[in-house]
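What follows is a single structure, written as structure tokens, with notes after it.
Remember, it's a predicted structure, so these values are computed and weren't measured experimentally.
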Amino acid sequence: GLRESALDEQCWKSFEMFPPPLQDMVVQAVKASLPMKTEKKLLSDHFAHLAVNEESIYNLEASWPDEEAVPTQASWEAFSDSQYHELLRQLLVNSRNAEEKVLQLLSEEAPGTKASPSLLHVHLATQEARCGRSAEVISLLHAAAACGLSRLCARFIAEGLDVNERTGHQHFSPLHLAASNGNVRAT
């Protein structure tokens, strides 16, 4: 666990307001997290981003959305400026060090704000591009699983991304990628 002095007072106040099941989720996320910075301010920011991510998962699971209609298929490039692409870029470029940046990006555009298409919308709209068997075009879930970022996997699954989707030349699922990289928590 974290010592009380490790985080600022606002983090603890926010945590105390969560219902017990959400508090448990946050505790598990903190245990699984790989914070790169240990300064109080940076650790508090990381904790806040984890808490927002866990709250999003909690809320998404509590009110599972209706099936989103499959949007018209679009090229991968059609969504090049979307949050989906930015998150994927962070996961692919930074690999295991991506957790902090991806959590920050996700918390900055929390559910309910629709400045860009939802992760599920972009995921569904680019399904044909990802299934075109290019190893370069994978889903966020595939990338997070390959990096072993289990709480991000949980978030993307809660958002509605398909856990059974197979991609690349070898038709890997997210589970295949997690297991082949030895990422037990992500399985």
| query | Hydrophobic cluster mates of Met17, side-chain heavy atoms under 4.5 angstrom, ILVMFWY only, any path? | reply |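 Taking Ile, Leu, Val, Met, Phe, Trp and Tyr as members, Met17 stands alone, with no cluster partners.
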| Can you say whether the rings of Phe47 and Trp12 are parallel (under 30°), tilted (30 to 60°) or perpendicular (over 60°)? |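 Ring orientation of Phe47 relative to Trp12: tilted.
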| Results of side chain to side chain donor-acceptor pair (under 3.5 Å) for Ser14 - residues two or more places apart only |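 Residues passing side chain to side chain donor-acceptor pair (under 3.5 Å) with Ser14: Gln10.
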| message | Taking side chain to side chain donor-acceptor pair (under 3.5 Å) as the definition, give me every residue that meets it alongside Gln104, ordered by chain and number, with sequence neighbours left out. | response |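 By the side chain to side chain donor-acceptor pair (under 3.5 Å) rule, Gln104 matches Glu108.
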| said: Which residues pass the side-chain contact (heavy atoms from CB on, under 4.5 Å) test with Ala48, not counting sequence neighbours? | reply: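 Result, side-chain contact (heavy atoms from CB on, under 4.5 Å) vs Ala48: none returned.
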| request: Taking side-chain contact (heavy atoms from CB on, under 4.5 Å) as the test, write out the residues that go with Pro20, two or more places apart. | output: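 Residues passing side-chain contact (heavy atoms from CB on, under 4.5 Å) with Pro20: none at all.
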| request: Write out all pairs satisfying salt bridge (charged side-chain N to carboxylate O under 4.0 Å, His left out) with one or both partners inside residues 5-17, taking only residues at least two apart or from two chains. | output: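 Counting only pairs at least two positions apart or across chains, the salt bridge (charged side-chain N to carboxylate O under 4.0 Å, His left out) contacts touching residues 5-17 are Glu9-Lys13.
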| request: Kindly write out the residues that satisfy ring pair (Phe, Tyr, Trp, His ring centres under 6.0 Å) with Phe172, not counting sequence neighbours, or none if the list is empty. | output: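 His176.
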| With sequence neighbours excluded, residues passing ring pair (Phe, Tyr, Trp, His ring centres under 6.0 Å) with His49 |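 Applying ring pair (Phe, Tyr, Trp, His ring centres under 6.0 Å) to His49 gives none.
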| So, His85 versus Ser82: side-chain donor-acceptor pair below 3.5 Å or not? |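 His85 vs Ser82: no donor-acceptor pair found between side chains.
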| request: Check the pair Ile138 / Leu88 against side chain to side chain contact (heavy atoms under 4.5 Å, CB included), numbers first and verdict last. | output: CA-CA 8 Å; Ile138 63 174; Leu88 186 58; 4.1 Å; yes
| Glu165: what forms a salt bridge (Lys or Arg N to Asp or Glu O under 4.0 Å) with it, not counting sequence neighbours? |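 Salt bridge (Lys or Arg N to Asp or Glu O under 4.0 Å) list for Glu165, sorted by chain: Arg130.
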| Quick one: does Gln90's side chain have a donor or acceptor within less than 3.5 Å of a partner on Lys101's backbone? |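 No; zero donor-acceptor contacts below 3.5 Å.
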